[in-house]
Amino acid sequence: RLNAQHNIITNAFGGKLSVAPINLATGDRVLESAAGSGIWALEFFETNRADGITLDIECIDISSEQFPTTHPPEIKFSVNSVVNLPNHEWTERFSFAHQRLLVSAMNDSLWHLAVAELFRVVKPGAWVELVEIEAQGFGSWSVGPHSTKLAFLINTMYDKRGVIGDLSVYLPLILKEAGFVDIKCEARHAPIGGEADAAAPHKFTQVKGFDSEMWRELWMGMKEPVIEAGGYGIVKTVEEYDSLVQGAAAEWKTSKEAYTTFYAILARKPSSK
């Protein structure tokens with residue numbers, strides 16, 4: 001699933017693994033936070049190597065479960081959290097830092113810690129790229145009674161857990177607070193289910209996105225925390241949750257209007273004076 005999401009995000013941004021205006025050279029160190037299977041780092045390494053640039057990439061995640069068993073020696077994997085990175089040896093170490101899809105694992109205090117750590121570990125003049133998905137409202141994929149009810153449920157859960165949904169607005173503000181400059185946000189639309197309707201009321205690029213089954217699996221992954229929290233007054237049992245998500249998937253399958261939005265938030269650490 002993580003690799004499929006990687007392909008969808010890359011497609012959404014026009015086949016680019018990064019949209020930051022970076023100019024890397026052999027020997028530069030890159031940090032990949034929330035690396036998962038390492039697919040972004042592996043592809044980013046190979047793409048740069050094809051251009052004659054050999055990078056050293058440090059991949060971190062809070063779990064090693066998804067780490068690949070084989071990879072180039074220039075790519076290293078370690079269990080670390082972006083909110084508490086290794087101290088002195090990583091200060092101003094990286095020429096670029098990239099991170100994806102931490103929205104549901106974070107709250108306000110954790111985001112502030114993460115952004116402060118990213119500011120610490122990148123070199124002066126280096127870029128940070130944070131790629132996230134729209135995580136509030138969900139009106140763009142509420143296309144029928146089941147998906148609308150599911151959207152209300154997920155919104156309620158996120159609110160109760162302190163998840164920051166509107167990262168396209170929130171992250172630029174705290175990046176600025178941390179000292180970053182040249183901050184900007186690029187948005188891309190990815191359809192869900194059927195082919196997106198070109199006449200849909202949005203301005204994002206049309207790309208191949210999630211099929212209804214992939215989008216269903218994503219929300220099935222939220223079943224355990226929803227049920228553990230008592231269903232938020234919306235569902236009471238595992239069976240009710242399964243039925244709700246299955247009904248939503250049927251709506252997405254026939255929809256030509258459902259979509260989600262990815263954001264790439266870019267920021268640069270000021271150059272040394």
Side-chain angles (χ1 to χ4, degrees), residues 1-22 30 32-48 59 66 96-106 127-143 147 151 154 158 163-172 175 183-219 221 248-249 252-253 255-267:
R1 181 171 61 83
L2 292 176
N3 289 355
Q5 282 185 179
H6 161 78
N7 292 333
I8 291 167
I9 295 169
T10 304
N11 287 337
F13 287 94
K16 295 179 180 178
L17 294 166
S18 167
V19 292
I22 49 178
V30 173
E32 166 69 341
S33 171
S37 68
I39 187 170
W40 180 88
L42 292 164
E43 290 191 8
F44 192 72
F45 178 83
E46 293 299 341
T47 298
N48 278 276
C59 296
Q66 298 280 342
F96 177 49
H98 179 269
Q99 177 179 283
R100 277 183 180 170
L101 303 181
L102 277 188
V103 56
S104 63
M106 303 291 274
W127 285 89
V128 167
E129 181 169 357
L130 309 176
V131 180
E132 290 294 344
I133 194 168
E134 182 67 45
Q136 71 168 15
F138 304 121
S140 66
W141 52 259
S142 301
V143 292
S147 53
I154 300 300
Y158 280 179
V163 170
I164 309 294
D166 192 5
L167 292 179
S168 64
V169 174
Y170 171 83
L171 283 177
L175 286 162
I183 300 161
K184 61 180 179 176
C185 175
E186 295 198 15
R188 296 291 188 276
H189 159 70
I192 299 165
E195 290 293 318
D197 188 343
H202 51 74
K203 299 178 181 178
F204 302 121
T205 308
Q206 299 289 332
V207 297
K208 183 179 180 182
F210 294 90
D211 63 35
S212 58
E213 180 62 19
M214 286 177 62
W215 199 242
R216 184 191 73 82
E217 286 182 8
L218 186 125
W219 298 115
W252 299 322
K253 189 173 184 178
S255 173
K256 294 184 178 181
E257 299 172 356
Y259 68 94
T260 189
T261 306
F262 290 108
Y263 300 102
I265 298 104
L266 310 173

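If you read the sequence from its start, that first residue is 1, and numbering goes on from there. Note that the coordinates shown come from a computational prediction; the quantities given were computed from them, not determined experimentally.
Qualifying side chain to side chain contact (heavy atoms under 4.5 Å, CB included) partners for Lys184, counting only residues two or more places apart in sequence or in other chains: Glu186, Leu266. Here Val163 pairs with Val103, Tyr158, Arg161 under the side chain to side chain contact (heavy atoms under 4.5 Å, CB included) rule; sequence neighbours left out. Every residue meeting the ring-ring contact (aromatic ring centres under 6.0 Å, His included) condition with Trp40, not counting sequence neighbours, appears here in chain and number order: Phe44, His98. Listed by chain and residue number, nothing satisfies the side-chain hydrogen bond (donor to acceptor under 3.5 Å, both in side chains) test with Glu132 (two or more places apart in sequence, or in another chain). For Arg100, the salt bridge (charged side-chain N to carboxylate O under 4.0 Å, His left out) criterion is met by no residue, not counting sequence neighbours. Taking Ala151 as the reference, Phe138, Trp141, Ser142 meet the side chain to side chain contact (heavy atoms under 4.5 Å, CB included) condition, with sequence neighbours excluded. For Gln99, the side-chain hydrogen bond (donor to acceptor under 3.5 Å, both in side chains) partners two or more places apart in sequence, or in a different chain, are Ser33. With sequence neighbours left out, the side chain to side chain contact (heavy atoms under 4.5 Å, CB included) criterion links Ala97 to Leu31, Leu118, Val122, Val128. In this view, Ser168 and Asp166 satisfy the side-chain hydrogen bond (donor to acceptor under 3.5 Å, both in side chains) rule, not counting sequence neighbours.
A 4.5 Å side-chain heavy-atom check between Trp127 and Ser18 finds every atom pair outside the cut-off. At a threshold of 4.5 Å between non-hydrogen side-chain atoms, the residues Val30 and Phe45 do not count as touching. Under the 4.5 Å side-chain criterion, counting only non-hydrogen atoms from C-beta, Glu32 is not in contact with Ile39.
Going from atom CZ of Phe262 over to atom CD1 of Ile133 covers 4.0 Å, rounded to the nearest 0.5 Å. To the nearest 0.5 Å, the span separating OG1 on Thr10 from CD on Gln5 amounts to 11.5 Å. Interatomic distance, CG of Leu171 versus CD1 of Ile265, reported as 5.0 Å (0.5 Å rounding). Summarising the geometry, atom CE belonging to Met214 is positioned 10.5 Å from atom CD1 belonging to Ile192; distances are rounded to the nearest 0.5 Å. Between atom CG of residue Leu218 and atom CZ of residue Phe210 there is a gap of 6.5 Å, rounded to the nearest 0.5 Å. Between the CG atom in Asp211 and the CZ atom in Arg216 there is a gap of 10.5 Å [rounded to 0.5 Å].
When all heavy atoms of Tyr170 and Ile164 are compared, the closest pair comes out as CG-CG2, 3.4 Å. Closest approach of Glu134 to Gly165, counting heavy atoms only: OE2-O, 4.4 Å. Pairing each heavy atom of Leu167 with each of Pro172, the nearest pair is O-CD, 3.5 Å. Of all heavy-atom pairs spanning Leu42 and Ser37, the tightest one is CD1-O, 4.4 Å. The nearest pair of heavy atoms linking Lys16 to Val19 is CD-CG1, 4.2 Å.
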Pair Trp215, Thr260 - check side-chain contact (heavy atoms from CB on, under 4.5 Å), show working. CA-CA 10 Å; Trp215 199 242; Thr260 189; 3.9 Å; yes
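With Glu129 contributing its side chain and Ala264 its backbone, the two residues share no donor-acceptor pair below 3.5 Å.
Pairs of residues two or more places apart, or lying in two chains, that qualify as salt bridge (charged side-chain N to carboxylate O under 4.0 Å, His left out) and include a residue from residues 39-48 are Glu46-Arg49.
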